[in-house]
Amino acid sequence: MTLSSHSTAFQGHLNTQSREGAHVSASQPANWDPSWSHIPVSRKTEKHARQALVKLPGRAPKDKVKYAKLYWSGDVRATWPDLQTEVRRGRDVGILSGQSGLVFVDCDVEQTEATFKRNDNGSRSLVPGIELNGRDDLHRVATEAGESVPETYTVRTPSGGTHLYFRQNPGQEVSTKHHRRGWTIDVIAGQNLWVAAPPTQGYEVTSDREVAELPLWLAQFIQGVNQRLLPVGGHRQQALLNVAREARSAVKVGTTGSLLDRWVRAELDVVAFAQEIRRGWNLAIFQCSCNLFEYGYAYEDVKKAVLDVAQPDDDHEANKAIDTIDSAWDRKKGGYAL
C-alpha cells in the first residue's frame, strides 16, 4: 500500500488545493527507511500551523473512518516518489513517531527578547536578548554526564533547528517532553505524534546516517527532565504549575462549585503567565486545553476561556492559538498531564 494511492482516495475528504510543479528534494536519502509511517499534512502558512489532513478515527466523518484507521494504524507505506508527489500537490509530509518506532529530538533555535534589570542605584539597564540553541543544550548535558551524543539521521528545519532521529531504548522508553529552563528541546515520542519531514519544503537531511538507538543515559535524562529542570518561567511558573496540579487532584468527574472553579482558574493562570513572559505560550495553551477537554468541557467554552487569557497580539497569533486548541481537541481522549 502506498501513500499516494490512498491519498487519491482522500481527495474529497482533504479538500486541499493542488499545486503541481512545486519544487521538491530530488534524491532519496540513503538511510531513509520505507518502513516509516508517513501522513499527509497541510502546508504551513503565516496564518496556520500544519495539521494532519487525515483525522484521527474518533474525529473522522463516518464515511472516512476506515481510511483514518488505515493511516493512523501505521500500516501505510510510501515510496520516496509517493512523498514527492504529495509535496507537488501542495501538501507537506509528516512522519509518525510511535508507529515508526522513532523518537524525535527537536533542537530548537530561539532568540530571547531584550529585558531590563534594576541596578543597585535604582536605574535600569538594558539586557540584550540572546540566542538559545538546543544543540548546545544537548552537548552541555552530555559533557556534564561524561557521555557523548551518537551520530544519527538528522534533518535541518526551516527555523534553523534540527531534528535528531533515534530508536527507542528498550532499557528506558521515553515519552514526549517539552522545553525547560536550559533545555531548548522538544522530544516527540508516542503513538499518533508526528513531525514534518523531508521532502517537505525547507526540511533537509544534513546527516544521512543510520538511525541510532537513543543512548540509555540520554533516555533517562529526558524521561526525568521535568524533575531535573525548572519550567521556562522559572520558580514562579513552577509555583503556578504546582497550584494547578494540586487543584486538579481535588477535582473528580462531576465536581462542581469552588473546587472546580479553583482548578480551572489555576489552569488558565499558567497560560496567562506564559503570555506575560513570552515563553512557552503555545505549550501552555496546549496543556491547559488538553486538561480541560479531558475533564469534559465543550470545545467552544475552552476556546473562549483560553483565548481570553492567552491574549494573542494579532490575527496571526490568534490563528496559531486556535490551531493549538484544535490539536488538543483532537487528542482529548488521552489528555495531557501537567
Side-chain angles (χ1 to χ4, degrees), residues 29-33 36 95-98 100-112 127-157 159-191 193-195 197-198 203-239 241-242 245 277 279-280 283 287 336-338:
N31 287 285
W32 176 81
D33 191 337
W36 294 340
I95 180 170
L96 292 166
S97 166
S100 301
L102 295 173
V103 175
F104 304 111
V105 177
D106 178 8
C107 299
D108 291 323
V109 177
E110 289 187 358
Q111 186 72 33
T112 65
V127 179
I130 60 173
E131 183 178 272
L132 303 176
N133 192 313
R135 291 295 290 267
D136 294 339
D137 296 334
L138 184 60
H139 289 294
R140 185 194 68 252
V141 167
T143 299
E144 291 172 352
E147 302 284 356
S148 61
V149 180
E151 297 289 340
T152 190
Y153 191 87
T154 304
V155 172
R156 184 172 59 213
T157 70
S159 65
T162 51
H163 290 170
L164 306 179
Y165 287 42
F166 290 100
R167 302 190 311 276
Q168 284 275 17
N169 189 305
Q172 174 65 74
E173 290 200 356
V174 300
S175 55
T176 293
K177 297 290 184 289
H178 297 286
H179 288 196
R180 306 291 284 185
R181 200 170 185 177
W183 181 254
T184 316
I185 294 172
D186 288 321
V187 176
I188 297 90
Q191 291 295 108
L193 304 180
W194 56 272
V195 297
Y203 289 78
E204 178 186 357
V205 177
T206 55
S207 180
D208 191 359
R209 297 174 179 267
E210 184 177 351
V211 174
E213 183 178 278
L214 190 66
L216 182 60
W217 72 266
L218 183 53
Q220 292 172 338
F221 179 90
I222 289 170
Q223 200 58 16
V225 72
N226 289 357
Q227 288 71 49
R228 290 185 171 93
L229 301 176
L230 287 170
V232 291
H235 291 285
R236 183 178 170 196
Q237 185 172 34
Q238 185 63 63
L241 288 168
N242 289 342
R245 187 178 295 112
I277 64 172
R279 296 280 317 270
L283 173 60
Q287 290 180 323
Y336 230 82
L338 284 169

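Note that this is a predicted model, so its numbers are computed, not measured. We're numbering straight along the sequence, starting at 1.
- Thr176 places no side-chain N or O within 3.5 Å of a backbone atom of Ile188 that could act as its donor or acceptor partner.
- The salt bridge (charged side-chain N to carboxylate O under 4.0 Å, His left out) check on Asp186 picks up nothing, with sequence neighbours excluded.
- Two residues are said to be in side-chain contact when any heavy atoms from C-beta on lie closer than 4.5 Å; Cys107 and Leu138 meet this criterion.
- Scanning for side-chain contact (heavy atoms from CB on, under 4.5 Å) contacts around Glu147 gives Ala145, Trp217, with sequence neighbours left out.
- How far CZ of Phe221 is from CD of Glu144: 7.5 Å, rounded to the nearest 0.5 Å.
- Residues satisfying the ring-ring contact (aromatic ring centres under 6.0 Å, His included) criterion with Tyr153, sequence neighbours excluded, are Trp36, Tyr165.
- Taking CZ of Phe104 as the reference point, atom CZ of Phe166 lies at 12.0 Å (rounded to 0.5 Å).
- For the residue pair Asp137 / Thr184, a side-chain donor-acceptor distance below 3.5 Å is found, with atom types taken as modelled.
- Inter-residue side-chain proximity for Pro170 and Glu213 is flagged as met; some heavy-atom pair is nearer than 4.5 Å.
- Of the possible donor and acceptor atoms, one in the side chain of Asn31 sits under 3.5 Å from a partner among the backbone N and O of Asp208.
- Partners of Thr143 under the side-chain contact (heavy atoms from CB on, under 4.5 Å) rule, at least two apart in sequence or in another chain, do not exist in this structure.
- Smallest separation of non-hydrogen atoms from Ala142 and Val149: CB-CG2, 3.9 Å.
- In terms of heavy atoms, Val187 sits closest to Ser175 at CG1-O, 4.2 Å.
- Here the side chain of Arg156 pairs no donor or acceptor atom with the backbone of Val205 at under 3.5 angstrom.
- Between Val109 and Asn133, the closest heavy-atom pair is CG2-ND2, 3.7 Å.
- Summarising the geometry of Pro198 relative to Glu204, their closest heavy-atom pair is CG-N, 4.4 Å, with the distance given to 0.1 Å.
- A search for side-chain contact (heavy atoms from CB on, under 4.5 Å) contacts involving Ser207 returns Glu151, Thr154, Arg209, not counting sequence neighbours.
- Between Val155 and Thr162, every side-chain heavy-atom pair lies at or beyond the 4.5 Å cut-off.
- Atom OG of Ser100 and atom CD1 of Ile95 lie 4.5 Å apart (nearest 0.5 Å).
- Listed here is the closest heavy atom pair of Ile185 and Gly134: CD1-O, 3.4 Å.
- When all heavy atoms of Gln172 and Ala219 are compared, the closest pair comes out as O-CB, 3.4 Å.
- Distance CG/Leu164 to CG/Leu102: 12.0 Å, rounded to 0.5 Å.
- Looking at heavy atoms from C-beta onward, His163 lies in side-chain contact with Thr157 at the 4.5 angstrom threshold.
- Within the 3.5 Å criterion, the main-chain N or O of Gly190 finds a donor-acceptor partner in the side chain of Ser97.
- Residues forming a side-chain contact (heavy atoms from CB on, under 4.5 Å) with Glu173 (at least two apart in sequence, or on another chain): Gln168.
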